[in-house]
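The structure displayed is predicted, hence computed values, not measured ones.
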Amino acid sequence: ILTQFINSFKHILIKITLINYLIKERMNILREEYESKLTNMKLMNENKIKEIGDNFNNTNYKTIKEYDDGIYEGQFVNGKREGKGIMRFITNKIYKGEWRNDKIEGRGIIYYNSGIYTNERYDGDFKNDKRDGKGIHIYKNGEKYEGDWKNDVKDGFGVYYYKSGNRYEGEFKDDHGEGKGVFYYANGDRHEGQFHKGKPFGTHVKYFKNGVIEQINFDEDNEDKEDY
């Protein structure tokens with residue numbers, strides 16, 4: 001019986017080691033790709049936002065037009081918003097950035113709720129009036145997402161920082177963690193594996209800061225209340 005127990009225990013350790021290796025290799029690849037993308041995105045953001053800011057600071061637009069949803073001040077081509085401009089929406093939202101064919105498209109900054117004095121803003125790419133491409137969204141509660149966007153939702157690879165100090169790093173789909181990811185705790189622990197609709201799913205490997213490693217299984221209906 002003891003021999004069987006030892007063999008079973010060895011089998012479990014081998015399985016955990018293999019899972020750990022596969023997940024780490026995949027996450028290393030994803031992390032390297034994301035860090036490269038994020039570095040380029042930040043450099044582009046910094047340079048482009050500075051350029052946009054300088055242009056706004058140095059330009060006194062003469063063309064102002066009122067729309068149903070707000071007031072636009074900026075450049076026009078053939079009667080449509082095109083180039084750089086500022087839109088002050090009646091919802092207390094302000095957009096400063098690029099326009100194409102009367103739509104918010106290109107690089108820009110959008111300030112939410114209380115205009116330029118709010119903490120909530122998005123810096124990055126836009127397409128057809130929506131967040132699309134690379135961007136950073138800082139929420140009014142202090143949380144932050146950096147990464148890929150598609151059709152106004154988080155989609156692709158990114159990092160979500162929680163106000164608790166925790167963070168999720170990995171794949172996103174339809175505004176939620178979906179696919180391979182790592183959840184980091186503020187205390188130094190982390191677990192790696194698959195996520196579905198923002199929740200851990202399947203077999204995860206959890207690493208404790210004290211060096212202990214254990215395997216955790218999550219089902220689709222898990223009631224884990226942590227902030228993923």
Side-chain angles (χ1 to χ4, degrees), residues 12-13 16-43 45-46 109-114 117-124 131 134-150 153-228:
I12 292 172
L13 286 178
I16 291 176
T17 301
L18 179 59
I19 293 172
N20 177 29
Y21 173 77
L22 293 174
I23 292 175
K24 286 184 69 175
E25 286 296 306
R26 177 58 177 164
M27 289 309 303
N28 283 337
I29 293 173
L30 291 172
R31 189 176 292 111
E32 288 175 2
E33 291 177 352
Y34 173 71
E35 287 176 352
S36 176
K37 290 178 180 178
L38 186 60
T39 298
N40 292 333
M41 178 184 70
K42 286 181 176 179
L43 288 173
N45 266 347
E46 290 173 0
I109 308 174
I110 193 163
Y111 300 92
Y112 296 87
N113 301 323
S114 302
Y117 302 106
T118 184
N119 289 326
E120 185 171 7
R121 66 186 183 276
Y122 169 83
D123 298 353
R131 294 166 295 181
K134 305 291 183 183
I136 301 171
H137 192 120
I138 299 174
Y139 297 88
K140 61 182 178 181
N141 64 358
E143 296 181 344
K144 179 175 69 172
Y145 171 78
E146 300 183 21
D148 297 326
W149 296 81
K150 186 177 181 180
V153 298
K154 297 181 283 291
D155 197 303
F157 197 91
V159 181
Y160 194 96
Y161 300 88
Y162 297 90
K163 60 183 178 181
S164 62
N166 300 337
R167 78 179 188 275
Y168 168 81
E169 179 178 325
E171 298 172 333
F172 285 81
K173 186 72 174 177
D174 296 328
D175 225 25
H176 297 289
E178 184 80 22
K180 296 184 182 298
V182 184
F183 191 85
Y184 294 88
Y185 296 89
N187 66 1
D189 298 341
R190 74 181 190 277
H191 63 80
E192 305 178 356
Q194 290 283 337
F195 289 78
H196 178 59
K197 294 182 179 179
K199 291 284 188 179
F201 178 72
T203 301
H204 280 230
V205 179
K206 186 165 185 177
Y207 301 85
F208 294 88
K209 63 179 180 180
N210 61 7
V212 174
I213 301 174
E214 69 176 33
Q215 183 174 314
I216 307 174
N217 291 310
F218 296 95
D219 61 37
E220 190 169 4
D221 298 321
N222 79 83
E223 295 298 328
D224 197 317
K225 300 300 183 183
E226 293 176 294
D227 50 355
Y228 295 93

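Aromatic ring pairs are classed by plane angle as parallel below 30°, tilted from 30° to 60° and perpendicular above 60°; the pair Tyr139 and Tyr160 is tilted. Between Phe183 and His191, the two ring planes are parallel [angle under 30°; tilted spans 30° to 60°].
Proximity of Lys150 to Phe172: side-chain heavy atoms (C-beta onward) are nowhere separated by under 4.5 Å.
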Do Glu192 and His204 pass the side chain to side chain donor-acceptor pair (under 3.5 Å) test, and can you show the C-alpha distance, the side-chain angles, and the key distance before you say yes or no? CA-CA 5 Å; Glu192 305 178 356; His204 280 230; over 6 Å; no

Where do Glu178 and Glu171 land on the side-chain contact (heavy atoms from CB on, under 4.5 Å) test, with the steps shown first? CA-CA 6 Å; Glu178 184 80 22; Glu171 298 172 333; 5.9 Å; no

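Glu146 places no side-chain N or O within donor-acceptor distance of the main-chain N or O of Val159, the cut-off being under 3.5 Å. Between the Asp123 side chain and the Ile109 main chain, no donor and acceptor come within less than 3.5 Å of each other.
Asp174 meets the salt bridge (charged side-chain N to carboxylate O under 4.0 Å, His left out) test with no other residue; sequence neighbours excluded. Every residue meeting the side-chain contact (heavy atoms from CB on, under 4.5 Å) condition with Ile138, not counting sequence neighbours, appears here in chain and number order: Arg121, Ile136, Lys144. With sequence neighbours excluded, the residues that form a salt bridge (charged side-chain N to carboxylate O under 4.0 Å, His left out) with Lys173 are Asp155.
Taking both residues in full, the closest heavy atoms of Tyr162 and Arg167 are given as CD1-CA, 3.9 Å, listed atom of the first, atom of the second, then distance. Nearest approach of Lys134 to Tyr122, heavy atoms of both residues: O-OH, 3.5 Å.
With 3.5 Å as the limit, one finds a donor-acceptor pair spanning the side chains of His137 and Glu120.
For the atom pair Gln194 CD and Phe218 CZ, the distance stands at 13.0 Å (nearest 0.5 Å).
Using a cutoff of 4.0 Å between basic side-chain nitrogens and carboxylate oxygens, Lys154 and Asp148 are not scored as salt-bridged.
Among the candidates Tyr145, Tyr184, Phe195, the single residue satisfying the ring pair (Phe, Tyr, Trp, His ring centres under 6.0 Å) test with Tyr168 is Phe195.
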